[in-house]
Amino acid sequence: MGSFSIWHWLIVLVIVIMVFGTKKLRNLGGDLGGAVKGFKDGMKDGSAPAEDKPAAPAAAVSADKTTIDVEVKNKS
């Protein structure tokens, strides 16, 4: 009683096709596929070391390495 049968899913599919139409669903599928492809490409580009990005400045450490000198900004 907790799960839907195949007939329930077929009825839902027919209703969705009637409401949105096949052209809109096809466009939606293409847009979703393009978004997934763009995300994958972005993840590949993000893992490669970027040479054009400047490195973040390192915190200054004193000679005894117990105190870290950090610039603090006050909230206004």
Side-chain angles (χ1 to χ4, degrees):
M1 178 132 180
S3 65
F4 292 108
S5 70
I6 189 70
W7 296 110
H8 291 104
W9 290 115
L10 287 175
I11 292 171
V12 169
L13 180 64
V14 168
I15 292 171
V16 167
I17 289 174
M18 287 173 48
V19 169
F20 293 109
T22 56
K23 187 175 180 182
K24 266 191 182 176
L25 292 176
R26 191 178 317 125
N27 290 342
L28 180 70
D31 291 344
L32 182 63
V36 169
K37 184 178 179 183
F39 178 75
K40 286 183 181 179
D41 290 342
M43 292 300 291
K44 286 180 185 177
D45 293 343
S47 64
E51 295 177 9
D52 58 345
K53 292 183 180 178
V61 179
S62 66
D64 61 354
K65 296 186 180 185
T66 57
T67 305
I68 298 175
D69 184 21
V70 181
E71 184 178 335
V72 179
K73 296 181 180 179
N74 294 329
K75 293 183 180 180
S76 55

Quiz item: Linking I/L/V/M/F/W/Y whenever their side-chain heavy atoms sit closer than 4.5 Å, directly or via other members, would Ile6 and Phe4 fall into one cluster?
Solution: no
Quiz item: If you group Ile, Leu, Val, Met, Phe, Trp and Tyr by side-chain heavy-atom gaps below 4.5 Å, do Ile11 and Met18 land in one group?
Solution: no
Quiz prompt | Spacing of OG1 belonging to Thr22 relative to CG belonging to Asn27, to within rounding of 0.5 Å | solution = 9.5 Å
Quiz item: Should Leu13 and Ile15 be counted in the same cluster of Ile, Leu, Val, Met, Phe, Trp and Tyr side chains packed under 4.5 Å apart?
Solution: yes
Practice problem: Rounded to the nearest 0.5 Å, what's the gap from CG on Leu32 to CG on Leu25? Could you check? | Solution: 12.0 Å
Practice problem: Verify side-chain contact (heavy atoms from CB on, under 4.5 Å) between Trp7 and Leu10, making sure each step is shown before the conclusion. | Solution: CA-CA 5 Å; Trp7 296 110; Leu10 287 175; 3.8 Å; yes
Quiz item: Would a 4.5 Å heavy-atom cut-off, applied to side chains only, mark Lys24 and Leu28 as touching?
Solution: no
